[in-house]
Amino acid sequence: MRLKPPRLSIPVPTDYVLWRDVCSYGYFLLEPNFWDPAAKAFRRVLTLVDPASKPRAVTVTITQTKKAEPLTATVDSKVTNAQATEIRAQVTRMLRLDEDAAHIRAFHKLDARWKKLGRGRLLRSPTFYEDVIKTVTSCNVTWPSTIAMNRRLCEHFGEAGASGLRGFPTAHQIARQRPATLRARCGVGYRDARIVELSAMFAKGKLGGVPVEAFEDPATPDDQIREWLIELPGIGPYAAANILQLLGRYGHLPLDTETVRHGRTVLGMKGPSPGIMKRVNAHFAPFGAHAFRAYWFEMWEFYESKRGRSWTWEREKTASTFTAAKLKL
DNA sequence: GGTAGACCTGGACGC
DNA sequence: GCGTCCAGGTCTACC
């Protein structure tokens, strides 16, 4: 079997800027993701799944010299042609390189505030499964707890690469665990059974009886996906809306306590929380299919006004300071 | 259809 | 160092 050299060149859309577009969503601060602000490099372990053999973990470091230039993905060990193809596919999903540049332009036409900096793409995970589990670990907890859960999931159940770093566990790995084991090792609390159940569904290829592919199929209507998601364990209105945006469907807002804080702090709204949620939702409704991005980048700019530009944040120092109490300061 | 309370964990706070 | 309180979305029971 011929082995590929461990440097892959990955073409990008003409608007793509690595440092801006990786540091665009909180997941860049969650393990196994790691952004190196000094080197402007993104590193993480990718787990390559070959049905015929054991999962294999490789550490990939991604850099870019300038806007629109192809990315260089440096892999820490030799890979086969098939594995190189899988790395490209995972990186493409994670960085949303397959999202049409025309869609970004349409967003900027509707909300011109983000045109100059070029904000439009949001980081997500290399797999739909990781996006769903990360969303569940963000429900009913403060951000530092979400950080801890993801770190422990990787530490205890992630596949280790040659570098010793670990990736995000696969659905099969978590589906094999007892809920109590997950709770004890990862501190996921009552989410234990829900995470194992979701993992078992992913491992079988069907979520609530619906093939996983149908969720990622562009032909499936947004409302249909939302309906399916709401039926899944641990997924409520907030999580469903967040998963929808992770699937590239930006018409719904994940309304949570951050929405209320944003409504009060930035939009000057007053009154009880439920009313503010409804008003924030109505405030962004005119952005239609781009509502989430208009909402998110406005919120992201608020975070940057407190902590500096996101590509300067250091995971170990900055990430844990994103608590509601500290953001009110 | 709407609402109250339980579910866990970790950080903040008071002593 | 210990105990208590609180924040955070989903789920179930109940009206």
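Residue numbers start from 1 in every chain, and the chains themselves are labelled A, B, ... in the order their sequence lines are given, proteins ahead of strands.
The shortest distance between side-chain heavy atoms of T127(A) and F168(A) does not fall below 4.5 Å. You'll find the side chain of Y190(A) reaches within 4.5 Å of the side chain of R183(A), heavy atoms only. You'll find the side chain of Q90(A) reaches within 4.5 Å of the side chain of L48(A), heavy atoms only.
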Got a list of side-chain donor-acceptor pairs under 3.5 Å for residues 239-247 of chain A, not counting sequence neighbours?
| residue | atom | partner | partner atom | Å |
| --- | --- | --- | --- | --- |
| N242(A) | OD1 | Y25(A) | OH | 2.8 |
| N242(A) | OD1 | Q245(A) | NE2 | 3.3 |
| N242(A) | ND2 | Y25(A) | OH | 3.3 |
| N242(A) | ND2 | T135(A) | OG1 | 3.3 |
| Q245(A) | OE1 | R96(A) | NH2 | 3.3 |
| Q245(A) | NE2 | Y25(A) | OH | 3.4 |

Counting only pairs under 3.5 Å, give me each side-chain donor-acceptor contact of residues 197-214 of chain A, with atom names and distances, residues two or more places apart or in other chains.
| residue | atom | partner | partner atom | Å |
| --- | --- | --- | --- | --- |
| S199(A) | OG | Y129(A) | OH | 2.8 |
| S199(A) | OG | I195(A) | O | 2.7 |

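The aromatic rings of W313(A) and W300(A) lie tilted to each other, with the angle between the two planes from 30° to 60°. The aromatic rings of F297(A) and F107(A) sit tilted relative to each other, their planes meeting at an angle between 30° and 60°.
Spacing between atom CD1 of I147(A) and atom P of dA7(C) amounts to 20 Å, rounded to whole angstrom units. In this entry the distance linking CZ of R152(A) with P of dC8(B) reads 16 Å, nearest Å. Atoms CG (D192(A)) and P (dC7(B)) sit 13 Å apart, rounded to a whole Å.
In this structure, the helix from dG1(B)-dC15(C) to dC15(B)-dG1(C) shows an angle of 30° between the axis at its start and the axis at its end, each fitted on 5 base pairs and rounded to 10°.
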(request) Go through the steps to decide whether R121(A) and D15(A) satisfy the test salt bridge (Lys or Arg N to Asp or Glu O under 4.0 Å), and finish with yes or no. (result) CA-CA 10 Å; R121(A) 295 177 192 274; D15(A) 65 295; 2.9 Å; yes
(message) One character per nucleotide, please: for nucleotides 9-15 of chain C, 5' to 3', B when the base has a protein heavy atom closer than 4.0 Å, S when only the sugar-phosphate does, - otherwise.
(response) BSS----
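In the region residues 179-189 of chain A, proximity to DNA chain B at under 4.0 angstrom, judged on heavy atoms, holds for R183(A), G187(A), G189(A).
Under the 3.5 Å distance criterion, with hydrogens and angles disregarded, a donor-acceptor pair is assigned to the side chains of D256(A) and T259(A).
Scored by the ring pair (Phe, Tyr, Trp, His ring centres under 6.0 Å) test, Y295(A) finds F284(A) as partners (sequence neighbours excluded).
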